[in-house]
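Atoms within each ligand, like the ligands themselves, are counted from 1 in listed order.
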Amino acid sequence: MKTHHRWTLPLLCLLLCVYADYELGIDRPYGDLPNQPIQLDKNAEPEDCQTLCEQNSDCKTWSFSSPKTSDCQDDALCWLKGELKPVSVNRCMYSGRVLKRLDFMPFPASSFRPTGWLMEQMKKQATGLAGHLADFWNDIANSTWIGGNSDTTFNGYGERVPYWINGLVPTAYLTGDQHTIDQVERYVKFILDHQTSDGFFGNDGDPWPRWKIVVDGETEISTRFPLLMALTQYSEFNPSHSQRVIDAIWKYFDAQRAQLFTKPLDSWAKYRYQDLLLSIFYIYDHHPRDRQEFLLNFAELVYQQRFDWEGFFGGNDFPKTSCTPEQIGLATHGVNVGQGLKSSALWYRYSQSPADISSTTQRYDVLDRYHGMASGIFSCSEHLAGLSPSQGAETCTVVETMFSYVHMYSQTRDVRYADRIEQLAYNALPASMTPDTWAHVYLQQANEISSEPVNPFVYLSDGADANVYGLAPWFGCCTANFVQGWPKFVTHALLQTEDDGVAVNVLTPLRFKSQLANGAVSIIITTNYPFEEIITFDITSEAGFPFYLRIPAWANNATLYSQGKSRNPPAGKLYKMKIPAGKVTLTLQLPMEFRTVERLNGAVAIYRGPFLYSLDIGENMEQKTHYYQNSYDYVTKATKPWAYALSLDPTHPENSLKFTYAGNIGENPFDHAGTPLRVAVRGKKIEWGIEKNAAADPPKSPVESSSAMEDLTLLPFGSSRLRMTELPVLKN
Ligand SMILES: *[C@@H]1O[C@H](CO)[C@@H](O)[C@H](O)[C@H]1NC(C)=O
Ligand SMILES: *[C@@H]1O[C@H](CO)[C@@H](O)[C@H](O)[C@H]1NC(C)=O
């Protein structure tokens, strides 16, 4: 069977923005649009039918037959189809599918370079825990992935190196840190050098499976999915090695697809299928090697074997409170949910089905409603855990969810997903780490009164030390996986639009350089945002381009200055501008105001701009076990009382809150002592108990108290290791 492929030039994409190919001998019966077939000229080619499909927004696939290509009939006939039905074999027919481009697509990771405070943050990561795990942590240093002998059953089924390298590759090249680059090169080279002759990634040949990576008696393949992402990023940062890396991925794809016929996706891989899909679509977009049909069939097979996330989020199995013991499983597992969130956004490229858009929105809504936390993540400890502010949220889930929201934003252009990425990056992500980035928590809590091993504990299925800052509290997955948080935030900060422009995903300091179809473009974003409210874009472009500036939903008074004029772009929308060729400077001012959100039992969470604020309860961090350089496990205790209610009118919080800024962002803005942002508020001590070694749920607001009124301080959530975030309000 011969597979044809038609070249789709970038310029052509301006008009069509679909990539396509087709195959002889395949029909797609049923699903015809009205008035089919269309009779074409006898000399028509399959391309002509495909073009008609591309031009018709309802067309998802097509079939074509002509006297030139078969003896089946005398006319050239083209059927346009509005549905994707299973294929059938038919020697008379050509058929093809189209993989639609999403409105927003990532630029090559190498287009970005963080600057300012963001670069400092990334360097801390490179010179802190992330860049040194291979030097002292057995699960990375002695992993079977690098030819070591660490027992994979104790290192998370072989997940550690793939998780780590997925974040370490961009960390290394975005910072240029040589030690980190050396680690990346050593691991990537070893993994490529030891790809087996049959195409699988692993270190010691035969027989399949190469590691005893077995869960419930089934081979666990999901660890390869983050590895694939690591390899595609590596090829973007190292064009001279790209050929070899992409060869290796292709070899693996051939092997993996063949294997799926006899060993379908199972266990974790079934729930994480969308992370494989992501790499299949990536190869389709960038390195199809004339085999689009193979890739689409591979994607279809993976999809057929998937866990049905749309059914789960939209159905009766979705837990509306903290999971019962019967609900604890792979579907309610926080990291799986965080990764799974993007599945319908990705699949929309294939299905073009409105159901995949509505599922994307529906997921976001139900997670927020039943499990949402003030910091923007959802509770999972380690399964969906309801609305209690003492419940935990896993660090792996924070970074996976940030990444999923990029794809949900790309599918929908809905600014709230991008707002949420910033909310997570500026609050939940730094809250999961110590300011030196040498220690992290497994679980973070919105109301966290101490961080130490405790028994009993409030977590659903995680253990006593889950909220401890350390090397590998409770389980080592997040030790490896936290690394992807900041660098993927950077490499997806700007996205390429379908009309060959640039859309802002997140606002953050960086330099960006890329090639659009009409010419080169460079954007320098200079800012201390989110700590300050002015953001400057210095834009240079050869040909001009459409620019979509995201105005956060909270930014009611945004002002945009350019060429002596000022405008007020509306909040919560993308503001489209035509950037002319040459140099342009845009200055965006995002005044930050206080707002409150009502939480459990009428408690409030207080926000100002992208930051969430929490009551400062002090933090005394005591070093316990020492591992290497600055790697310790800590016990962290509050130095101030925590049981307060605030004197605050939630509808006019500005009347009772006083914001101060230190005047500069300082050495480390996420440090407790060093944070430049403070909010003064007043409140009283109240009766508030402890349950299972955590703050009980907040007493119902409004509360009464006969204690004296006190001056209190709120700090950014992400600058606090301990914190009280959801606080009751006092009765007037
Ligand atoms: C790696 O394994 C070797 C041999 O078992 C051991 O001596 C070494 O301490 C291990 N390295 C780390 C970082 O755990
Ligand atoms: C924002 O705009 C509103 C309405 O235009 C106004 O009432 C408010 O004072 C402004 N806030 C700031 C911080 O400028």
Side-chain angles (χ1 to χ4, degrees), residues 123-169 171-172 175 177-196 201-206 209-215 220 223-224 226-227 230 234 395-396 399 432-434 436-442 453 463-466 468-485 487 623-635:
K123 279 188 190 155
K124 276 191 205 97
Q125 174 161 319
T127 58
L129 186 62
H132 285 103
L133 284 170
D135 298 324
F136 75 101
W137 194 40
N138 191 46
D139 290 14
I140 297 286
N142 279 332
S143 167
T144 48
W145 283 101
I146 192 79
N149 58 4
S150 73
D151 182 349
T152 51
T153 52
F154 289 107
N155 110 35
Y157 320 119
E159 74 190 8
R160 303 288 149 84
V161 162
Y163 270 159
W164 173 69
I165 201 91
N166 179 29
L168 202 73
V169 167
T171 301
T175 59
D177 180 76
Q178 195 55 50
H179 181 69
T180 308
I181 292 173
D182 292 346
Q183 315 268 27
V184 161
E185 292 190 339
R186 184 159 64 90
Y187 277 75
V188 168
K189 183 170 186 310
F190 190 96
I191 290 167
L192 292 178
D193 285 349
H194 292 77
Q195 184 172 24
T196 60
F201 293 115
N203 76 337
D204 69 353
D206 57 336
R210 28 226 36 97
W211 315 281
K212 294 161 198 68
I213 299 174
V214 172
V215 182
E220 185 46 55
T223 59
R224 296 181 189 130
L227 175 69
Y234 181 84
T395 297
C396 284
V399 295
S432 67
M433 308 291 299
T434 50
D436 64 4
T437 81
W438 272 95
H440 73 284
V441 287
Y442 191 79
D465 63 343
V468 164
Y469 293 89
L471 170 61
W474 179 238
F475 194 69
C477 52
C478 303
T479 312
N481 199 13
F482 86 87
V483 183
Q484 68 165 297
Q623 293 171 345
K624 295 288 181 182
T625 314
H626 179 238
Y627 298 99
Y628 178 82
Q629 293 193 7
N630 296 324
S631 171
Y632 293 92
D633 288 345
Y634 295 87
V635 161

For the residue pair Q183 and A134, what are the closest heavy atoms and their distance?
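In this case the closest contact between Q183 and A134 is OE1-CB, 3.2 Å.
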
Which atom pair, heavy atoms only, marks the closest approach of A130 to Q125?
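What the structure gives for the nearest pair is CB-O, 3.3 Å.
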
Does either side chain, that of D633 or that of Y627, offer a donor lying less than 3.5 Å from an acceptor on the other one?
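Distance-only check passes for D633 and Y627.
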
Aromatic ring proximity F190/H194, centre distance under 6.0 Å
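Under 6.0 Å, so yes.
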
Tell me the protein heavy atom at minimum distance from atom 5 (O) of ligand 1, and give that distance in Å.
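For this ligand atom, the closest protein heavy atom is N149 ND2, 4.2 Å.
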
Just heavy atoms, cut-off under 4.0 Å: does N138 contact ligand 1 by side chain, backbone, both, or neither?
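For N138, backbone and side-chain atoms both sit under 4.0 Å from ligand 1.
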
Which of these, I140, L133, N142, D139, has its nearest heavy atom closest to atom 1 (C) of ligand 1?
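Nearest heavy atom to atom 1 (C) of ligand 1 lies in N142.
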
Got a protein heavy atom sitting under 4.0 Å from atom 9 (O) of ligand 1?
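No, there is no protein heavy atom closer to it than 4.0 Å.
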
Is the closest N or O pair between D135 and ligand 1 shorter than 3.5 Å?
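By distance alone, the answer is no.
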
Sub-4.0 Å atoms of ligand 1 with respect to non-hydrogen atoms of F136:
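Those atoms are 13 (C).
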
List every atom of ligand 1 that sits less than 4.0 Å from any heavy atom of A141, numbering the atoms from 1 in the order shown and giving each element.
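Here the atoms of ligand 1 in question are 13 (C).
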
Under the rule for ring-ring contact (aromatic ring centres under 6.0 Å, His included), what residues qualify as partners of Y187, not counting sequence neighbours?
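ring-ring contact (aromatic ring centres under 6.0 Å, His included) list for Y187, sorted by chain: W164.
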
Using 30° and 60° as the class boundaries, would you call the ring planes of W438 and H132 parallel, tilted or perpendicular?
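Parallel: the ring planes of W438 and H132 meet at under 30°.
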
